[in-house]
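Report on the structure given below.
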Amino acid sequence: MTEDRSQSVHTLTGAYAVDAVEASERDLFEVHMRDCVDCTHEVAGLRAAATSLAALRPVAPPASLRASVLAAVAVTRQLPPLTESASPSAEPSGDAGDLPGPSDSSEVVDLAAQARTRRRSRVARVLAPLLVAAAVAVGIAWHPWSPDGPTRPTTVAEQVIAAPDVRSSRVEVAGGGEATVYVSRSVGRVAVVAERVPPPPSGKTYQLWFENAAGSMVPAGFMSENGPVALGVGPPDAKAVGMTLEPAGGSPAPTTAPLLLAPLAPA
Amino acid sequence: MSDSPGIGMPERGASRAEAAGPGRPDAAGELLRRAARGDEDAFAALYDLVSAQVHGLVLRVVRDPAQAEEVTQECFLDLWRSATRFDPATGTGIGWILSISHRRAVDRVRSAQAATDRDAVWARTTHEVDHDSTVEGAVSSLEAERVRAALGTLTAAQRESIELAYFGGYSHTEVAGLLDLPLGTAKTRIRDGLIRLRDALGVEP
């Protein structure tokens with residue numbers, strides 16, 4: 001498939017390489033890069049050019065910082081090496097269209113694992129396109145980091161974010177962080193990308209909701225880590241997306257005030 | 001490109017720009033590889049090698065010295081935690097380190113500062129673009145001269161857009177607003193300028 005390089009998405013490589021993109025554009029572009037080796041390769045080269053600018057004015061930090069950093073390092077665990085399924089985001093819910101009920105114990109949150117995954121997700125987002133660029137540069141066959149074949153199947157969230165009719169809005173999350181809500185009528189689903197949301201307290205979980213036409217909140221899935229998650233198939237004419245803190249395993253209806261509430265535009 | 005004889009080991013806090021290239025060992029990458037296996041001495045040596053470059057970049061983006069210190073500390077903690085994620089096949093150690101540091105610095109700026117504060121910061125920035133820095137560690141090494149010469153191949157408009165994006169931490173949309181450009185022009189200038197820079201430097205990722 002030939003790509004028209006005047007398409008605006010390809011011209012985002014420079015801005016992306018210097019982190020000059022808003023969160024929603026960044027998410028969309030990262031989805032694009034998974035299927036566009038040219039952009040991935042170009043980003044790697046432009047990033048390398050940009051980092052040469054950083055070398056122009058070194059400034060030594062205060063001498064006390066060294067001891068402080070090394071003391072923290074001595075008590076900080078390192079991430080284990082990446083395994084072959086280095087997909088940056090988990091897909092906790094929604095693919096089959098079945099909404100998880102309150103007895104879905106697979107959504108119990110592991111605080112440490114979530115923090116690890118969150119860090120891995122952030123770093124993997126930086127590294128993943130560079131890995132592909134290296135494979136191209138040294139001329140070896142492109143080996144995906146998933147065993148599923150030449151292209152990793154796109155997740156529902158990725159399909160939503162990359163859909164031609166996608167609309168997005170950004171909201172603050174009460175208690176910390178932000179989220180971008182993506183809606184695609186053609187895909188028929190909603191995805192939420194959370195950033196910098198703190199892990200929930202032990203024994204609690206972030207639960208997602210749709211507000212239906214009657215104004216009731218119906219379960220839509222769970223948010224187990226920062227990054228993209230697709231909500232389950234929602235009611236027709238859903239009016240809004242919400243998130244609350246619930247006991248681990250979820251609730252049939254919200255028991256706490258919404259941490260985010262994003263209206264959905266009418267179809 | 002090589003160091004002239006007599007420079008020897010970098011002093012604590014000083015830095016030497018690490019360039020990739022034939023025959024040029026990637027010292028930061030090698031230290032990252034050892035640090036990835038829990039070698040805290042290697043990480044301390046890495047700190048000594050790159051902390052001024054990291055902090056110089058962070059300071060230029062974040063501006064406020066107290067916040068810059070915090071961000072630099074966070075960067076190094078992040079580098080330690082995720083040292084296993086560095087893949088030498090993807091580029092140089094210093095490139096990986098500065099990419100992560102830049103991202104963290106921009107995240108801090110975007111989350112901490114209101115738009116009005118950032119406009120004031122930008123006004124200060126435009127007056128300082130041409131100053132030679134007298135801050136400790138101002139570099140006149142061969143590497144810095146090479147970068148400055150490469151920057152000379154960009155148009156003033158491209159340099160300005162890249163300066164705002166990379167050091168100002170502005171999105172391309174914000175750069176367009178600040179420079180009163182059509183949406184998309186800033187994005188194009190940033191990309192074209194970086195392409196020229198890449199080609200002038202002959203960098204490999």
Practice task
Indicate whether the side chain of B/Arg191 and that of A/Thr11 have a donor and an acceptor atom separated by less than 3.5 Å.
Solution key: no
Practice task
Taking atom types as modelled, find out whether B/Gln73 and A/Ser68 have a side-chain donor-acceptor pair closer than 3.5 angstrom.
Solution key: yes
Problem - When A/Val73, A/Leu65, A/Thr76 are compared by non-hydrogen pairs under 4.5 Å with chain B, the top option - result: A/Val73
Fill in the blank from the handout: So, the part of A/Ala23 with a heavy atom under 4.5 Å from chain B: the answer is neither
Problem - Part of A/Glu25 within contact of chain B (heavy atom distance under 4.5 Å) - result: side chain
What closest approach, in Å, do [X] and [Y] show between heavy atoms, and which atom pair accounts for it?
X        : Y        : value
B/Leu201 : A/Ser52  : CD1-OG, 3.1 Å
A/Arg47  : B/Ser99  : CD-OG, 3.5 Å
A/Ala50  : B/Leu194 : CB-CD2, 4.1 Å

Residue part contacting chain A, namely of [X], when any heavy atom lies under 4.5 Å:
X        : answer
B/Arg37  : backbone
B/Ile195 : both
B/Ala36  : backbone
B/Ile97  : neither

Problem - Verdict with supporting geometry, A/Leu70 and B/Phe43, side chain to side chain contact (heavy atoms under 4.5 Å, CB included) - result: CA-CA 8 Å; A/Leu70 296 181; B/Phe43 192 77; 4.1 Å; yes
Practice task
Please test A/Leu12 against B/His172 for side chain to side chain contact (heavy atoms under 4.5 Å, CB included), starting from the C-alpha separation and ending with a verdict.
Solution key: CA-CA 9 Å; A/Leu12 210 51; B/His172 66 95; 3.7 Å; yes
Completion exercise
Here the ring-ring contact (aromatic ring centres under 6.0 Å, His included) pairs for residues 53-76 of chain B, sequence neighbours left out, are B/Tyr47-B/Phe76
Exercise for the section: Between chain A and each of B/Ala165, B/Ala150, B/Ala44, B/Gly95, count heavy-atom pairs under 4.5 Å; write down the option with the most. Expected result: B/Ala44
Exercise for the section: Kindly say whether B/Ala35 contributes a backbone atom to a donor-acceptor pair with the side chain of A/Gln78 at under 3.5 angstrom? Expected result: yes
Practice task
Just do the side chain to side chain contact (heavy atoms under 4.5 Å, CB included) check on B/Trp80 and A/Val69 with the steps written out, would you?
Solution key: CA-CA 10 Å; B/Trp80 168 254; A/Val69 165; over 6 Å; no
